[in-house]
Amino acid sequence: MSEMKTAAYICAGCGIGDKLDVAQMEKVAQKEGKMALVRRHDFLCSPEGVALIKGDIENEGVSHVVIAACSRRAKTEAFDFPTVAMSRANLREGVIWIVAEGAEHDEVRQEMAEDYLRMGCAELKKMKLPAGNPNKADNKTILVVGGGMAGMTAALEAAETGYQVVLVEKTGELGGWAAKLWKRVPFRQPYREAQETGVAELAARVGAHPNIKIHLNSVIASTSGAPGRFNVELAQESGATTTLTAGAIIQATGASNYDIARLPELGGGLANVVDQAGLEALAKAANGQPIKRADGREVKSVVFVQCAGQRDEGGAHLSYCSGHCCATSIKQAMYFKDANPAVDTVVMYTDLRVPGMGEDFYRSAQEKGVIFTKGRASGVTAAGDVCKVNFRDLILDEEVSLDADLVVLATGQVPNSGVNIDLADDDPAKAQQVSILNLNYRQGKDLPQLTHGLTDSHFICFPYETRRTGIYAAGPVRRPMDLLQATEDATGAALKAIQAVENANIGRAAHPRVGDLSYPMVRLEGCTQCKRCTVECPFGAIDEDERRFPVFNESRCRRCGTCMGACPVRVISFENYSVDTVGNQIKAVDIPDEFSEKPRILLLACENDAYPALDMAGLAHHTYSAFVRAIPVRCLGSVNTIWITDALNSGYDGVMMMGCKHGENYQCHFVKGSELATYRMSKIDDTLKQLGLEVERVASYEVAITDNARVAALINDYAAKIVEIGMSPMKGFG
Amino acid sequence: MSAHNSQAVERYRNDFLREVEERVEEGQWVKMCMQCGVCAGSCPFGPHWQHSPQKLFMMIRAGKRQEVLSSDSMWMCTSCYNCVVRCPRQLPITHIMHGLASYAHRLGLAPKSQPTREFATMFWNNLAKKGRVNELKLTLALYFKDGLVSGIKTALGMQSIGLGMVKAKRLNPMEILGGHGLKDLKGFHAIIAKAREIEDKKKGLVS
Amino acid sequence: MKASIATNQTILVVGGGIGGMTAALEAAECGKQVILVEKNPTLGGRTALLYRYFPKMCHPTCGLEINLRRLKGNRRLRVLTQAEVTEVSGRNGDYTVKLKLSPRYVNENCTACGECALAVSGQMPNPYDYGLSQIKLAYLPHAMAYPQRYVLDPAIIGTADAEKANSACKYGAIDLAMKEETIELKVGSVIWATGWKPYDAAKIQPYGYDRFANVITSVEFERLADPHGPTGGKLLRPSDGAPAKNIAFIQCAGSRDENHLRHCSRICCMASLKQTQYVREAYGDDCKSTIYYIDIRAIDRFEDFYRKVQQDPTVGFVKSKVARIAQNENGSLILHGVDTEGYHRYATEHDLVVLAIGMEPEANGIKLPDDIVVDSSGFIEGSKDGGQFGAGAAASPTDVNRSVQSATAAALRAIQVVHKTAAVEVA
């Protein structure tokens, strides 16, 4: 690392020069900020302003830059200096746009701006330009687990993009659920007829692809390592084992059919009651001829009972909808009609769910004479040689029954997702589950499950935001879905796996801090082996060695800093984000004395939601208290309690924390950062009491990015509260 | 039970939907209904009948043959076409209603005292006689359908309109004597008979 | 932007909504050169105009913030706003694309300080509020707009306002002489992520969208609920500003209808279920939401959300396609129809009617290259030569999650195209 040379650039544009004494700020940067170079510019983001900074970097050896201008979220194209460490003092959105107009506010406005400048300088001096992860993680092979439609598609798409692929399938052949089908629901228009499944062709292409190696009759016995350097042991049915290495993993282990035997009330177990898989088998056997029952009799009437053991409100069966079953039953009803239009086919549904162009498929079945009855089946019984379906006709509003040669129960998909790592270890349910990935991670053997055993991402905008970096679920293991969606999903997952290996290769973070080259560094000599970091890491990135020291797997890490926030001895830090970068900002604020009637409130704001909300409050010119000093943090989970205690010890009158919503519908992209922060802060109450401080001096809030007016109101309310409880007695001791 | 009806029952057994498809004008559309109910809500006569079109369609699918064919609902259709223009599946509901009514009538299952049916029968019989509508006779037959007393009352009530129509040459009192007709009446009757034969054959209605 | 910057190794993404941004970012984060073109002055598309997402009730701008941060940090991705594709010629791996660039009249100097907007007085219906509010002719589209630069509407040119805006700008950012330009790019693959638009509700004549002030669309309702929206997040009736506490949600407004849109738009059931919770959030127990539906399509684990809403005593469900709407003297609306579950006729009064409006491909009515295959509703399947792809809501009616899934898949397919071109060139 070459010598640090600091420079501060203060912009006077956008009204900053009108509202603030910039000359005074230049002095602050020089004398207090100790910046080697201080410059002022009336329009810093202009080509001339940018050229000034670039010139200093090139000619003056400037390595560290403070931009005192607008928010770090603004003018990023102009202030783009990749070779230097940079901090931004937010004078525009953070000061002049939110402090009330008028000369009577000049003093507090100026103090606020000067503090932000001091903070920017203080942060900068503790920052380093991250050099990237030195750990070698250069394996780019994609491991695909599961050889069904999703798995084969993922394998083929990755292979076609030029990557080596290993495909592991537990059975003796590729194809999965799709191979069991006679035909599939159409993927493209015209959406009128069932189509060939294409499974054999796909399997042949996968089998013949030079970039794909297939292991049949194999399961994963163990997985260790991290993106770019996974070590995987395969166990073959024969008892043999194989070891291989991979850079990323796609888990496409699909779904099983809900067990029809659990539905005796709907005839599960009767000879002439089958599930959709059973009907596919009969259709395959018929090979386009009229479909026969197991006893060889030709089916002349069939009833499809939708939502069998699904959408169950009682908790006995699946509570969700499997999405594909309406279209699948329509397709199966067509099997009958296509072979013999005289067969009575009734699809009994409560809500027919065929979105998009599925409506065409529905219409096509109606044209073929399939009858759709909105009804709720209450029971299926054997009646002589036929089945009697008792149901409530919801349109005609009556209890009736139908006789049918065959009844098909549209049961749902049960994801093959392995072990629910969130169950307690002594839970008997957990003991029965067979792991898929057998990860040796500290936090459990398989991907965390979201709900109903599904391994889905919790995020709407980011369906591949996995909680185990470099491991992507695809297909019905993560969400009930049809074949078309499974192929789309698998293709998307293949892309994410490719990104994961490329990121790991150069030590770059994956989503959402994509491209971040910083990574957690630990001073093990100070570590007390308390394990908080390993327990709290939301991504399972940290293992423990035999001495119970944390072992960081950087390419699993998402750079949220939760470990840094957790560490009671503060030995974890990032090059550009550390206990010191924030701690020094806190200390840099000028604390007026007790009698000034100028409280100081520290505001730690999540950079993804709360900080943008503060910015937008500025944009909308919502005024808020000039006594607040906001610091963006990567996640509230990264907030170390030392920051809070230091702040209070040094005379701050209050600390506000703003993070994302937590709980069931958590919105934290680092899973539970804000929840952890709230929990940690609940522990701080005792400390506050010991210090003789009111518990209100630390407050945490759930804030959404849209809360621009609300954040201003929260700050003002809190500032009023501080006035009410009085100034901190700690001033002057810090 | 009429001969047509027993033949139909025999032929279609449980499959009333197929019977409707094959024998009712536009009946092949019934299976396309998706039970949204917009027809039911769109009908100006909605509050007055027992079964909405969409419900009739569901009843057909459920095999409620007797109930459907004896329903008076389809007789109430005034051909306003509200349902047709709003139907998201573009079912020609008006035509289906008329088709169902006509079929029920042929089978002798239509409600006996249904006024629309009575008037339609009268109208047809009047027209079929001479190939031209005898408005005077039709009017009188309508007035006197419930007996002499009510007929006279109605006729007196309508007297001024009648006279006005005579003055405007819209009604010819001489029509009472037999009225005008087509030149080739025999040919006309033959055409009607043949048309019925073709239609019956097409629909499988054999007596 | 010079044409020479792009090569046949470049991927062009058309449309800067969540689908297009995702496709562009995913490809760029795989190391590909990407050009993202958007016809509006800002990225973000329609999701930026939504208040919350189902089923988590989280905020679309949260994801937009992350995507913008990804975009700001990526040097391989170039964004062109106010740019429309007018022609694509060539073939798989080697396309020439003509782009029409409309003038913004504001250059890169703009700091978004807002002085120009303060200076001008002319206004227009705000397209980012679906016309429910007015916006100045010099404007920043919305708080999350990217690029964060003001725009002058073409209507301002030649007026005194234009000069006022110009002289209010201290940074030389206003350039009234900007002209429309046409540029050509060489690209290897094209992803059409042109998204969707709400079906024209006025065409659904019996619902009176064009006659009754208090009949609005679901996208407009999103704006009412949004704190950044025209009412500051209050659910008020357009006719008189009174609180709308008794709200009807009409499903399949345009969708599943041969007279309008043949397809099911997939999202509308969930959107209405979500919107009932806005009503509840605003008024607690003192409100009533009624959903008129044919089939509730709460697919996969969305069923959980449906069940939660079903248990909400303020929400009722009527299985019926509403036949027609009439307005009474106080501006309230009477919905006429029949509940088909057992056949119950209703004539129910509501303060406000929200039409769960169907999704129509935004590209409908736009001339697409001859090679592009669209389905019967106009959704883009891709090009016959395999070098162009539909993604997101341009390819089928999708929710955000599936749109992103589709866009990610499309990005990989586009990467494969440019890889093959590269391989051929090396050989």
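Just the heavy atoms: all of them, side chains too, but no hydrogens, waters or symmetry mates, feed the values below. Below, chain A is the first sequence line, B the second, and so on; all start at residue 1.
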- [ ] Taking side-chain contact (heavy atoms from CB on, under 4.5 Å) as the test, write out the residues that go with A/Asp312, two or more places apart.
- [x] A/Ala316, A/His317
Open item on the list: My understanding is that only residues two or more places apart in sequence, or in another chain, count here; which of them pass side-chain contact (heavy atoms from CB on, under 4.5 Å) with C/Ser320?
Closed with: C/Val318, C/Tyr346
Task: Contacts of A/Glu702 that satisfy side-chain hydrogen bond (donor to acceptor under 3.5 Å, both in side chains) - sequence neighbours left out - done: A/His662
Open item on the list: Can you tell me which portion of C/Cys110 sits under 4.5 Å from chain A's heavy atoms? Options are side chain, backbone, both or neither.
Closed with: backbone
TODO: Go through the atoms of C/Pro147 and report whether side chain, backbone, both or neither lie under 4.5 Å from a heavy atom of chain A.
DONE: neither
- [ ] Indicate yes or no: at least one non-hydrogen side-chain atom of C/Val404 is less than 4.5 angstrom from one of C/Thr408.
- [x] yes
TODO: Indicate yes or no: at least one non-hydrogen side-chain atom of C/Gln251 is less than 4.5 angstrom from one of C/Asp295.
DONE: no
Task: Part of A/Pro190 lying under 4.5 Å from any heavy atom of chain C - done: neither
Open item on the list: At a 4.5 Å cut-off on heavy atoms, which part of A/Glu313 comes close to chain C: side chain, backbone, both, or neither?
Closed with: both
- [ ] Would you please go through residues 64-71 of chain C and name the residues with a non-hydrogen atom below 4.5 Å from one of chain A, in numerical order?
- [x] C/Glu65, C/Ile66, C/Asn67, C/Arg69, C/Arg70
Open item on the list: Under a 3.5 Å threshold, yes or no: a donor from one side chain and an acceptor from the other, between A/Arg478 and A/Ser457?
Closed with: no
Task: Heavy-atom pair count under 4.5 Å with chain A, highest-scoring of C/Lys56, C/Gln416, C/Arg52, C/His59 - done: C/Lys56
